[in-house]
Amino acid sequence: MRPVVLCALLLLIVAACAAPNDLRVDGSSTVYPISLAMAEEFSILNPDVNVSVAFSGTGGGLGKLCSGEVDVAGASRVIRPEELAACADSGISVVELPVAADAITVVVNPANDWAECMSLDELRAIWEPGSTVTTWSDVRTGWPDEGIVLYGPGTDSGTFDYFTEAVNHEPGATRTDFFPSEDDNVLVQGVRSDRYALGYFGFAHYVENRSQVRAVAVDAGSGCTLPTEASIEDNTYSPLSRPLFVYVAVPSLEKSAVLRFATFYLDDSSRGLVVGSGYVPYPEAVYEAAATRVERPVPGSAFLDFEPGDSVLEAVGRR
């Protein structure tokens, strides 16, 4: 059989196998643990549905959503106007669902016995573009005259975007001499292996690895505050507390499996999966408001002007 004919047959087979009960999820590595837990429980309750969950970063996942490669994309930041435009160009609109509260956690090696609390100005001095900080003593007098080894999410990560905006006041603005990775496990291993390392990633991954890394309290002007369930819920761990989202392609909602999965994600019976993944659930009214966006559906983003400290309930109920 000729290769061209064979390839054509294979494409037909793949298309035939892409059943309505196949559901594809991708996106943020921060949201990944929640989506994975949701998918596992959903599959038990819906054995007829085949759910695949992967992560490629917020930007990567939203790109796949807009090109029709996946049905659902997890995001650790708000979708951008240009991403909404890219989706529209492909004939795809999206529904935005806030699913949990998170906190970007600044971490150091457990043997670090000096950096208990850092101010936003100190974090900015370390991470800003063109930073001249190379040692811990450059950050604060009396700290070790040893080089800081930096680890952070890759540039396709929503965590990278949110952190750089919160600390450096511009998404993507950062020094470039750090070790980046879209895989949070790589960041954990980097920090745990070097006494003089510093990094950041989502709260759930810190909770999972708190025996290997130590969280640093952050002072944004109201005193040193550690990320905890309480400080995330009341937003006192600001400005590094943030909402997490899933975005669902509206055309995909025409498939029963996707509609059921989105509804399951917001159901009160699933709240324990958010907690079990290491994140903080919102009050029930947030999920009820989000559920109405699925039912109609209501496309677009209500969070484009969202800032740390804003009400998630007010934002999700705007449209």
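Positions are given from 1 along the sequence.
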Spell out, as yes or no, whether a donor-acceptor pair under 3.5 Å connects the side chain of Tyr279 to the backbone of Thr30. yes
For a quick test of reading the model, state the closest non-hydrogen atom pair linking Val191 to Gly199 and the distance between them. CG2-N, 4.0 Å
Should Glu146 and Arg195 count as an ion pair when the cut-off is N to O under 4.0 Å? no
Could you state the interatomic distance from CG (Leu123) to CD1 (Ile104), rounded to the nearest 0.5 Å? 11.0 Å
Looking only at side-chain N and O atoms, does Thr134 offer a donor or acceptor that is under 3.5 Å from a partner on Asp138? yes
Go through the steps to decide whether Val274 and Val99 satisfy the test side-chain contact (heavy atoms from CB on, under 4.5 Å), and finish with yes or no. CA-CA 8 Å; Val274 173; Val99 295; 5.8 Å; no
Below 4.5 Å, heavy atoms only, C-beta onward: do Val95 and Val250 meet side chain to side chain? yes
Using side chain to side chain contact (heavy atoms under 4.5 Å, CB included) as the criterion, point out the one residue from Val107, Leu187, Thr105, Thr159 that pairs with Tyr200. Thr159
Hey, is the main chain of Ala115 close enough, under 3.5 Å, to the side chain of Arg214 for a donor-acceptor pair? yes
I would like to know whether Val248 and Val94 meet side-chain contact (heavy atoms from CB on, under 4.5 Å); could you show each step before the answer? CA-CA 5 Å; Val248 185; Val94 300; over 6 Å; no
Given side-chain hydrogen bond (donor to acceptor under 3.5 Å, both in side chains), test Thr164 with Thr174 step by step and report yes or no. CA-CA 6 Å; Thr164 51; Thr174 186; over 6 Å; no
Taking the side chain as every heavy atom from C-beta outward, state whether Tyr287 and Val316 have any atom pair closer than 4.5 Å. no
If we only count heavy atoms from C-beta on, is the Met118 to Val139 side-chain gap below 4.5 Å? yes
Looking only at atom types and distance, does a side-chain atom of Ser193 sit under 3.5 Å from a main-chain N or O of Gly190, one as donor and one as acceptor? yes
Is a donor on one side and an acceptor on the other found under 3.5 Å between the side chain of Glu122 and the backbone of Ser119? yes
Please determine if Arg77 and Glu83 form a salt bridge, counting it only when a charged side-chain N lies under 4.0 Å from a carboxylate O. yes
Minimum heavy-atom distance Val312-Phe306, with the two atoms named: CG2-CZ, 3.9 Å
Decide side-chain hydrogen bond (donor to acceptor under 3.5 Å, both in side chains) for Ser241 and Ser238; before the verdict, give the C-alpha distance in whole Å, the side-chain angles of both, and the deciding distance to 0.1 Å. CA-CA 5 Å; Ser241 294; Ser238 181; over 6 Å; no
Straight-line distance of Ile148 CD1 to Leu198 CG, nearest 0.5 Å: 6.5 Å
Any side-chain heavy-atom pair of Asp183 and Ser29 under 4.5 Å: no
What distance separates Cys87 SG from Ile92 CD1, expressed to the nearest 0.5 Å? 6.0 Å
Close side-chain approach of Ile126 to Leu150, heavy-atom, < 4.5 Å: yes
Within a 6.0 Å radius of atom CD on Glu233, are there more than 12 heavy atoms belonging to other residues, nucleotides or ligands? no
Please list, chain by chain and in numerical order, all residues satisfying salt bridge (charged side-chain N to carboxylate O under 4.0 Å, His left out) with Asp102, sequence neighbours excluded. Arg242
Evaluate the side-chain contact (heavy atoms from CB on, under 4.5 Å) criterion for residues Leu65 and Glu69: first the C-alpha distance (whole Å), next the side-chain angles of each, then the deciding distance (0.1 Å), finally the verdict. CA-CA 6 Å; Leu65 188 73; Glu69 296 176 60; over 6 Å; no
For Glu182, which residues count as a salt bridge (charged side-chain N to carboxylate O under 4.0 Å, His left out) partner, sequence neighbours excluded? none
Check: Leu97 main-chain N/O paired with Arg293 side-chain donor or acceptor under 3.5 Å: no
Nearest heavy-atom pair of Val188 and Val213: which atoms, and what distance? O-CG1, 4.1 Å
At what distance, to the nearest 0.5 angstrom, does CD of Gln212 lie from NE2 of His205? 8.5 Å
Asn168 side chain to Glu170 backbone, donor-acceptor under 3.5 Å: no
Under a 4.0 Å N-O cut-off, is there an ion pair linking Lys255 with Asp22? no
Walk me through it: do Asp48 and Arg260 pass the test salt bridge (Lys or Arg N to Asp or Glu O under 4.0 Å)? CA-CA 12 Å; Asp48 60 311; Arg260 280 183 282 157; 3.4 Å; yes
Residue pair Phe245 / Val31, side-chain heavy-atom distance below 4.5 Å: no
Using the six-membered ring wherever Trp is involved, compare the ring planes of Phe163 and Trp127 and label them parallel, tilted or perpendicular (cut-offs 30° and 60°). perpendicular
For a salt bridge (Lys or Arg N to Asp or Glu O under 4.0 Å) check, start with the C-alpha distance between Asp121 and Arg124, then their side-chain angles and the critical distance, and finish with the verdict. CA-CA 5 Å; Asp121 287 341; Arg124 187 175 306 116; 2.7 Å; yes
side-chain contact (heavy atoms from CB on, under 4.5 Å) between Val216 and Glu116: does it pass, once the steps are laid out? CA-CA 5 Å; Val216 177; Glu116 299 288 339; over 6 Å; no
Would you compute the distance between atom CG of Leu253 and atom CD of Glu295 and round it to the nearest 0.5 angstrom? 11.5 Å
Do any pairs count as a side chain to side chain donor-acceptor pair (under 3.5 Å) and have a residue in residues 218-227, sequence neighbours left out, and if so which ones? none
I'd like to know whether CZ of Phe179 has more than 12 heavy-atom contacts from other residues, nucleotides or ligands below 6.0 angstrom. no
Is the Tyr206 ring parallel, tilted or perpendicular to the Phe203 ring (thresholds 30°, 60°)? tilted
From Trp136, Trp114, Trp143, residue fulfilling ring pair (Phe, Tyr, Trp, His ring centres under 6.0 Å) relative to Tyr196: Trp114
Run the side chain to side chain contact (heavy atoms under 4.5 Å, CB included) test against Asp177 and tell me which residues pass, sequence neighbours left out. Arg175
What heavy-atom pair brings Gly61 and Ala73 nearest, and what distance separates the two atoms? O-CB, 3.6 Å
To the nearest 0.5 Å, how far apart are CG in Leu84 and OG in Ser93? 9.5 Å
List for me each residue that meets salt bridge (charged side-chain N to carboxylate O under 4.0 Å, His left out) alongside Asp26, sequence neighbours excluded, and say none if there are none. Lys64
Could you list the donor-acceptor pairs under 3.5 angstrom formed by side chains in residues 33-44, with sequence neighbours left out?
| residue | atom | partner | partner atom | Å |
| --- | --- | --- | --- | --- |
| Ser35 | OG | Tyr265 | OH | 2.8 |
| Ser43 | OG | Ala39 | O | 2.8 |

Is any side-chain heavy atom of Val78 less than 4.5 Å from a side-chain heavy atom of Glu96? yes
Please check this pair: side chain of Asp161 against backbone of Pro171, looking for a donor-acceptor N/O pair closer than 3.5 Å. no
Is there a donor-acceptor pair closer than 3.5 Å between any side-chain N or O of Ser131 and the backbone N or O of Ala125? yes
I'd like to check Val49 versus Phe261 (side-chain heavy atoms, cut-off strictly below 4.5 Å). Are they in contact? no
Which atom names give the shortest non-hydrogen contact between Pro98 and Tyr282, and what distance separates them? CB-CE1, 4.4 Å
